[in-house]
Amino acid sequence: MRFFIGTTNPGKVREIGSILSATGCSFERTEPVDPEETEEDFEGNALLKARAYAARAGGVTISEDSGLIIPALGGLPGAWSARFSDCELDAGAGRVVGHRRSDRPREEMDRANNERVLELLAGVELPRRAAMFIVVLAVATPDGEILFKGTGESHGWIADAARGANGFGYDPIFVGQDTFGKTYAELDSMRKNLRSHRMRVLKDFKAWLGRYLREHRP
Ligand code: IMP
C-alpha cells in the first residue's frame, strides 16, 4: 500500500522512512507545499499540514509538527522551533514578539537556532536545562478526513555546547535521559530512532496501520 510523507524536512523523511521500513508499505515524499503554520499549537499545525499535503498528493498522507520545549525559557522554542533564530524575543517573559523570515538554508538556520538556545541558557545549570521534544503526527485523506492522530515525547536536557554531526535540527544540543550523556547528534541513526519522540509516535502509528491495512486490503 502506498502512503505519502508530507514535509520539506529531509531529516524527518529519513527518520520516518527508516522507522517504517519494515511495514511493507511504500512511503513517498510529496511535492513541497510548506503551508504557513498558522495554528498556535503542534496539534493544530500537524492537522493543517497533513490536510494540505494530502490535498496536493491526492493520496493518504502522513505529516507531523514537532519541536523543542524548554520550560526555563517559558516553553520556547516550542511552535517556533524551526525558525527560532528569526524570532524577536521578549526572553524574560518567554515570548516571541516578532518574526522576520530570513529564508536561510536549513542547515544554517539549524546552527543559528542551536546557538540561540545555548546563548539563552548561558549560566543556567541543571536541572533548569531540562528540555523535551514533542511531535504530533497526523494522517489525512485528500478530502481532509483525519484517519490517525498521535503524540510522542522524549525528555532530556540541553548540553553546554553543540556536539556531534548526525541527525538534524536541535540534535547537537539535546542530551536524552537515556543516552548516557551523549547528544542525539552523537548517536547513530539507529540508536536515535530507538528512543526518539518520533519513534514513540510511529509505534502507535504502526499499530493503527496494521488495523487500517486489515480493513482496506483488496
Ligand atoms: P516543523 O515541524 O517543520 O515546524 O519543525 C520542527 C523543528 O523542530 C525542526 O526544524 C527542528 O528544528 C526541530 N525538531 C523536530 N524534531 C527534531 C528532532 O528529532 N531532532 C532535532 N530537532 C528536531
Side-chain angles (χ1 to χ4, degrees), residues 5-19 29-30 32-50 52-53 61-70 73 75-87 96 99 101-118 131-138 149-159 162-179 182-202:
I5 301 180
T7 178
T8 56
N9 187 326
K12 290 183 180 180
V13 175
R14 256 195 327 270
E15 289 190 5
I16 295 173
S18 139
I19 296 169
R29 195 166 164 174
T30 64
V33 178
D34 209 11
E36 180 100 30
E37 295 178 22
T38 48
E39 301 296 320
E40 285 195 355
D41 56 15
F42 293 111
E43 179 173 331
N45 285 321
L47 299 182
L48 178 155
K49 287 200 259 184
Y53 278 105
T61 301
I62 305 166
S63 195
E64 55 119 286
D65 197 49
S66 50
L68 180 70
I69 292 179
I70 303 176
L73 301 180
L76 291 174
W80 297 96
S81 291
R83 42 217 161 121
F84 191 45
S85 52
D86 282 351
C87 294
V96 170
H99 171 253
R101 219 182 143 123
S102 64
D103 289 324
R104 285 179 276 187
R106 189 179 295 277
E107 284 186 4
E108 208 180 296
M109 183 72 110
D110 285 348
R111 219 174 7 254
N113 290 342
N114 284 330
E115 278 165 17
R116 183 159 224 192
V117 168
L118 291 173
M132 71 183 240
F133 279 121
I134 187 160
V135 55
V136 178
L137 184 126
K149 187 180 72 182
T151 303
E153 291 176 7
S154 50
H155 294 258
W157 62 89
I158 302 299
R163 297 194 310 262
N166 300 324
F168 68 99
Y170 295 97
D171 283 345
I173 61 167
F174 183 84
V175 180
Q177 265 174 354
D178 51 358
T179 61
K182 289 192 172 176
T183 67
Y184 270 9
E186 291 179 302
L187 302 178
D188 60 41
S189 59
M190 193 192 78
R191 287 188 170 79
K192 178 184 171 189
N193 289 343
L194 278 175
R195 34 178 68 79
S196 75
H197 46 301
R198 202 157 281 110
M199 179 282 290
R200 288 173 217 268
V201 75
L202 287 171

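Whatever order the structure lists ligands and atoms in, that order sets their numbers, starting from 1. Remember, it's a predicted structure, so these values are computed and weren't measured experimentally.
Applying the side chain to side chain contact (heavy atoms under 4.5 Å, CB included) rule to Thr151 yields the partners Ile134, Val136; only residues at least two apart in sequence or on another chain are considered. Contacts of Ala79 classified as side chain to side chain contact (heavy atoms under 4.5 Å, CB included), with partners at least two apart in sequence or in another chain: none. Judged as a ring pair (Phe, Tyr, Trp, His ring centres under 6.0 Å), and not counting sequence neighbours, the contacts of His99 are Trp80.
Taking the charged nitrogens against the carboxylate oxygens, Lys49 and Glu37 do have a contact shorter than 4.0 Å, which makes a salt bridge.
For ligand 1, residues of the protein lying within 4.0 angstrom by heavy-atom distance are Asn9, Lys12, Glu37, Lys49, Asp65, Ser66, Gly67, Ser81, Ala82, Phe133, Phe168, Gly169, Tyr170, Asp171, Lys192, His197, Arg198.
The two atoms that bring Gly6 and Thr30 nearest to each other are CA-OG1, 3.7 Å, heavy atoms only. Shown here for Pro172 and Gly169, the closest heavy-atom pair between the two residues is CD-O, 3.3 Å.
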